[in-house]
Amino acid sequence: CAGTWGYRDDNGPSVWARDYPKAAGQRQSPVNIDSGSTKAVKHDHALKADYSPEPKMSCVNNGLTFVATINGDNFISGGPLDTKSYKLASFHFHWGSNDSHGSEHTINSQAYPAELHLVHWNYNKYDTFAEAAAADDGLSVLGVMLKIGEPNAALKQVFDAMEKVKSPGTNFVMTSAFDLPGLLPGDINKFYTYPGSLTTPPCHESVTWIVCQETIGCSKEQLSTLRSLKNNDNNHLVNNFRPVMPLGNRTICCSN
Ligand code: 1SD
Ligand code: ZN
């Protein structure tokens with residue numbers, strides 16, 4: 001409906017800047033990652049994800065994506081975050097209507113069928129997530145590409161939950177603990193990192209992006225499950241990705 005953002009022509013990425021001026025900024029996400037133009041860096045500390053199983057994880061179809069809210073204590077640190085620790089708040093996905101597109105970041109102009117975002121905030125520095133989301137060092141999002149291949153067991157738990165939230169505005173609480181560590185690719189120390197933004201309105205320029213080079217596997221059926229969710233218009237919820245934005249004078253660093 002009018003006044004709310006979405007992914008249609010009339011409320012989608014090309015018009016977000018009308019209501020959310022930050023969307024026209026110089027530090028926007030996603031971007032294309034041209035691997036040949038990245039700067040190899042050796043960080044002082046390895047990137048570390050301190051994740052543990054999440055009891056009673058709450059999942060919702062909010063009409064724009066599938067979001068899981070995390071209540072437990074899970075952190076990332078190291079890599080571009082150095083000694084700072086950022087706390088996991090939630091994760092969600094972006095996907096396409098077919099396998100040729102759907103991810104937000106592209107790598108050498110190649111899109112993946114879906115991209116997982118694990119959203120963390122700088123909880124030692126800011127009092128609330130909302131405050132962090134508007135601050136330039138407030139958030140760090142770990143992006144992981146989904147690729148058709150060897151299925152990821154943790155993702156299976158997610159896709160099973162997805163079957164229960166096909167209608168927008170519905171939620172589901174998992175009865176068994178969710179294997180959060182199992183969601184990550186084998187080696188998270190292969191990544192690209194750059195300063196960027198939320199890829200959704202208000203597009204705050206607050207995110208240290210960490211995009212994993214290793215993918216996680218999913219099946220064709222699991223991608224169909226994503227595409228069978230319904231959006232607020234009661235259509236299939238698909239193509240909920242923002243196209244790539246100009247890199248401008250930013251440098252993308254590559255772990256080394
Ligand atoms: O799309 C998400 C949005 O749902 C929210 O989680 C936000 C953080 O407040 O992050 C964006 S994104 O940039 O991770 N796509
Ligand atoms: Zn996202």
Side-chain angles (χ1 to χ4, degrees), residues 47-77 85-95 102-104 112-123 126 128-130 132-133 138-147 150-186 188 198-200 207 210-212 214-219 221-232 237-238 240-241:
L47 182 68
K48 185 166 140 233
D50 222 331
Y51 284 4
S52 51
E54 172 76 2
K56 301 204 172 119
M57 188 168 76
S58 169
C59 307
V60 61
N61 169 353
N62 66 10
L64 296 161
T65 186
F66 170 95
V67 195
T69 304
I70 304 296
N71 289 310
D73 295 328
N74 302 278
F75 308 97
I76 52 167
S77 61
S85 177
Y86 283 56
K87 185 173 182 177
L88 182 65
S90 61
F91 68 81
H92 63 269
F93 299 85
H94 303 266
W95 61 92
S103 65
E104 297 211 296
Y112 287 79
E115 182 172 338
L116 162 66
H117 286 162
L118 294 137
V119 182
H120 307 77
W121 63 291
N122 192 346
Y123 72 110
Y126 300 102
T128 62
F129 180 89
L139 301 186
S140 183
V141 183
L142 191 63
V144 187
M145 301 298 177
L146 270 65
K147 187 178 166 179
E150 187 61 34
N152 172 298
L155 266 186
K156 179 174 177 344
Q157 278 186 287
V158 174
F159 286 113
D160 288 348
M162 220 172 269
E163 297 284 354
K164 321 267 191 200
V165 296
K166 293 223 165 163
S167 310
T170 52
N171 82 309
F172 174 75
V173 179
M174 286 186 178
T175 48
S176 51
F178 174 65
D179 178 17
L180 197 50
L183 206 48
L184 298 173
I188 61 164
L198 300 183
T199 65
T200 54
V207 182
I210 302 174
V211 178
C212 291
E214 291 192 352
T215 59
I216 53 175
C218 65
S219 65
E221 292 71 31
Q222 288 173 332
L223 289 173
S224 311
T225 302
L226 271 175
R227 296 174 190 138
S228 70
L229 296 179
K230 293 292 187 67
N231 67 16
N232 293 324
L237 173 49
V238 290
N240 56 353
F241 64 92

Check step by step if side chain to side chain contact (heavy atoms under 4.5 Å, CB included) holds for Val158 and Leu116.
CA-CA 11 Å; Val158 174; Leu116 162 66; over 6 Å; no
Could you walk me through whether Met145 and Glu115 satisfy the side chain to side chain contact (heavy atoms under 4.5 Å, CB included) test, starting with their C-alpha distance in whole Å, then the side-chain angles of each, then the deciding distance to 0.1 Å, before giving a yes or no?
CA-CA 5 Å; Met145 301 298 177; Glu115 182 172 338; 3.5 Å; yes
Using the rule given for side chain to side chain contact (heavy atoms under 4.5 Å, CB included), can you reason through Leu237 versus Lys230, listing the C-alpha separation, both sets of side-chain angles and the distance that settles it, and then say yes or no?
CA-CA 5 Å; Leu237 173 49; Lys230 293 292 187 67; 5.9 Å; no
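The shortest distance between side-chain heavy atoms of Ile76 and Ile188 does not fall below 4.5 Å. For the pair Leu183 and Leu118, the minimum side-chain heavy-atom distance is below 4.5 Å. Between Pro185 and Val144 there is a side-chain heavy-atom pair separated by less than 4.5 Å. Using a 4.5 Å cut-off on side-chain heavy atoms (C-beta onward), Phe93 and Asn240 make no contact. Between Phe66 and Val165, some side-chain heavy-atom pair lies under the 4.5 Å cut-off. Asn61 has its side chain out of reach of Met162: every pair of non-hydrogen atoms, C-beta onward, lies at least 4.5 Å apart. Thr65 has its side chain out of reach of His94: every pair of non-hydrogen atoms, C-beta onward, lies at least 4.5 Å apart. Between Thr199 and Phe241, the closest side-chain pair of non-hydrogen atoms is not below 4.5 Å.
Legend: side chain to side chain donor-acceptor pair (under 3.5 Å) pairs involving residues 164-176, not counting sequence neighbours, sorted by first then second residue: Glu163-Lys166, Lys166-Ser228. Screening residues 152-161 for side chain to side chain donor-acceptor pair (under 3.5 Å), with sequence neighbours left out, gives Lys156-Asp160.
Taking CG of Leu229 as the reference point, atom CH2 of Trp95 lies at 5.0 Å (rounded to 0.5 Å). Distance check, rounded to the nearest 0.5 Å: CD1 of Ile216 to CG of Leu146 gives 4.5 Å. Note that the CD atom of Glu54 and the OG1 atom of Thr69 stand 9.0 Å from one another [nearest 0.5 Å]. Remark: Ser52 OG to Asp179 CG distance equals 10.5 Å, nearest 0.5 Å. Note: Leu47 CG to Ser140 OG = 8.0 Å, rounded to the nearest 0.5 Å. Between atom NZ of residue Lys147 and atom CD of residue Glu214 there is a gap of 11.0 Å, rounded to the nearest 0.5 Å.
Gly138 and Tyr126 make their closest contact through CA-CE1, 3.9 Å (heavy atoms, listed as atom of the first residue, atom of the second, distance). Gly182 and Ala154 get closest at one heavy-atom pair: C-CB, 3.6 Å. When all heavy atoms of Gly63 and Pro168 are compared, the closest pair comes out as CA-CB, 3.9 Å. Scanning all heavy atoms of the two residues, the minimum distance from Tyr123 to Ser85 falls at CE2-O, 3.4 Å. Contact between Phe172 and Ala161 at its shortest, heavy atoms only, is CD2-CB, 3.8 Å.
Ring planes of His117 and His92: perpendicular class, angle over 60° (limits at 30 and 60°).
Each of Val119, Leu180, Val141 was compared with Phe91 under the side chain to side chain contact (heavy atoms under 4.5 Å, CB included) criterion, and only Leu180 meets it.
The side-chain contact (heavy atoms from CB on, under 4.5 Å) search around Leu64 returns Trp5, Tyr7, Asn62, not counting sequence neighbours.
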